[in-house]
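Before any comments, here is the structure.
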Amino acid sequence: MTVIKAGGAAPCGDCGGACEARRRQSLRARYAYGLVFFATNLLAWFVRDYGVRALHGLHHVPVCGAGDSKCFQSGGVLRVSLGCFIFFWLMFATTFGTRKLHEARNSWHSGCWILKSLVYFVSIGIPFIIPNIFIQLYGEIARLGAGIFLLLQLISMLHFISWCNKRWMPDPGTNQCGLFGLFLSTICYIASFAGIGVLYFLYVPNSSCAFNIFTITWTAILILIMIAVSLHSKVNEGLLSSGIMSSYIVFLCWSALHSEPQTGKCHSHMKIAKDGDWATIVSFVIAICSIVMATFSTGIDTKSFQFRNDEVQLEEDIPYSYEIFHIVFAMGAMYFAMLFISWELNHPTRKWSIDVGSASTWVKIINEWFAASIYIWKLISPVVLRNEFVNDGGFVPHRPTV
């Protein structure tokens, strides 16, 4: 007799090979969506840098106009971004609430690629017939959406750090020694402090670079604060989590300084490449791949954004949340638009450039400070909340030491 699990779902043996095939198809679909997103990034770059000369047909579209840049440069990026957003928003709406592999919406998410290709091309084409005033409005909204994407990325990063800490560092109450965790911690701290030294060398050629000196020094102070808090006896988080976070904020600091306009005296050690220089092209391709990887890794980490992670995964359940996956890609469409136009709607773009300008620099600096602040609060919040509970007359049971 077949035993039915709680909730009415079939046990693992009843679904058989059909569920396994659907599961594999669903997992493969993630990479297909990633390729779609990557192709859209390339399309946005092409429209921005070469659309005026290559896409002559757009000059005959009423909203574009002959000799106008409303459908090219920054305007073209926003239109391609809006089309990408429309596509993934439609996917979000049509897959919302999917929970089982046998549902029709699962087949829509994982298959029907010919029909979805048609939907994609229509979604990309619609923004090129929308009046420019609505595109500018979308650009303002995209700033907010890109900020939300950065927040989602930070949540995913913190979830990854917690996973690493639980995976490779021993419980504080045991006598175990996590050698691999200590090795990773050492690598992260060496990389962090070496990175600080490299930043001083590259971006502080003289003592007049006060802004760069402050930014790098404050990053070093944040690292020391995170180490001190994580090693405090009341927190006792260990070395690994703060080490990974230190490496992350050093990377954000480098990214912010790298986004500074490379025309000042504080870039004397950096060779300012010309349009089309091979180093610029390689950096640009790496930047696009980074955008796609950041969006993809955040999108597939759907468990970080779920309020309940204790539900039992059954064989006929979908392997990840489709609605979260697609909404992250929709926010990612707004994010890549801001990077291509350097967070300024009417920013004069340079060929093969990405995320360069004062606005981009400040966005990354604020993102770095916010990430460090959230991490520190994540460390101290259990202690603070526990003390408040005790002060209010609550009872905290004694934790025996092992």
Between [X] and [Y], what is the ring plane arrangement, given parallel below 30°, perpendicular above 60°, and tilted in between?
X: W89; Y: F92; answer: tilted
X: W218; Y: F214; answer: parallel
X: W113; Y: Y33; answer: tilted

- Check whether the side chains of W108 and T95 place a donor and an acceptor atom closer than 3.5 Å, and report yes or no. no

Measuring from [X]:[atom1] to [Y]:[atom2], what's the distance to the nearest 0.5 Å?
X: Q136; Y: L78; atom1: CD; atom2: CG; result: 6.5 Å
X: F180; Y: R167; atom1: CZ; atom2: CZ; result: 9.0 Å
X: L43; Y: F38; atom1: CG; atom2: CZ; result: 12.0 Å
X: R105; Y: I318; atom1: CZ; atom2: CD1; result: 9.0 Å
X: T219; Y: I249; atom1: OG1; atom2: CD1; result: 5.5 Å
X: I244; Y: W163; atom1: CD1; atom2: CH2; result: 9.5 Å

Are there more than 12 heavy atoms of other residues, nucleotides or ligands under 6.0 Å from atom [atom1] of [X]?
X: F193; atom1: CZ; value: yes
X: I114; atom1: CD1; value: no
X: F134; atom1: CZ; value: no

Under 3.5 Å donor-acceptor, [X] side chain and [Y] backbone:
X: R24; Y: C19; answer: no
X: S26; Y: R22; answer: no
X: K116; Y: G111; answer: yes
X: R30; Y: L27; answer: yes
X: R143; Y: M338; answer: no
X: S342; Y: V356; answer: yes
X: T361; Y: E260; answer: yes
X: S110; Y: N106; answer: yes
X: S81; Y: A333; answer: yes
X: E103; Y: K100; answer: yes

In the structure I gave you, are the side-chain heavy atoms of [X] and [Y] within less than 4.5 Å of one another anywhere?
X: T295; Y: Q153; value: no
X: V63; Y: I130; value: no
X: R79; Y: I135; value: yes
X: L90; Y: S123; value: yes
X: T215; Y: L199; value: no
X: N41; Y: W45; value: no
X: F370; Y: L151; value: yes
X: N367; Y: L252; value: yes

Nearest non-hydrogen partners of [X] and [Y], listed with the distance:
X: W343; Y: A146; value: CH2-CB, 3.5 Å
X: T98; Y: E323; value: N-OE1, 4.3 Å
X: V77; Y: F340; value: CG1-CB, 3.7 Å
X: I124; Y: C84; value: CD1-N, 3.7 Å
X: P127; Y: I86; value: CG-CD1, 4.4 Å
X: N165; Y: S241; value: OD1-N, 3.7 Å

- Task: With sequence neighbours excluded, tell me which residues meet ring-ring contact (aromatic ring centres under 6.0 Å, His included) with Y31.
- Result: F296

- Item | Partners meeting ring-ring contact (aromatic ring centres under 6.0 Å, His included) with F128 (sequence neighbours left out) | none

- Message: As a test of understanding, state which of F325, F85, Y335, F329 forms a ring-ring contact (aromatic ring centres under 6.0 Å, His included) with F37.
- Response: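 Answer after filtering F325, F85, Y335, F329: F329.
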
- Message: Check this for me: does any side-chain nitrogen of one of E368 and K364 sit under 4.0 Å from a carboxylate oxygen of the other?
- Response: no

- Message: Under a 4.0 Å threshold between the charged nitrogen and the carboxylate oxygen, would E316 count as salt-bridged to R99?
- Response: no

Check: [X] ring centre within less than 6.0 Å of [Y] ring centre:
X: Y320; Y: Y322; answer: yes
X: F183; Y: W168; answer: no
X: Y375; Y: Y248; answer: no
X: W362; Y: F211; answer: yes

- Query: What do the steps show when you test W377 against I380 for side-chain contact (heavy atoms from CB on, under 4.5 Å), and what is the final call?
  - Reply: CA-CA 5 Å; W377 170 248; I380 66 175; 3.8 Å; yes

- Step by step, work out the side-chain contact (heavy atoms from CB on, under 4.5 Å) result for K378 and S162. CA-CA 11 Å; K378 183 175 180 289; S162 298; 3.0 Å; yes

- Please say which of S242, S246, S247 ends up in a side-chain hydrogen bond (donor to acceptor under 3.5 Å, both in side chains) with S192.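 Output: one option passes, namely S247.
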
- Item | Derivation of the side-chain contact (heavy atoms from CB on, under 4.5 Å) call for D317 and L101 | CA-CA 6 Å; D317 291 342; L101 291 169; over 6 Å; no

- Does the pair F336 and T40 meet the rule for a side-chain contact (heavy atoms from CB on, under 4.5 Å), with working shown? CA-CA 10 Å; F336 84 67; T40 309; 4.0 Å; yes

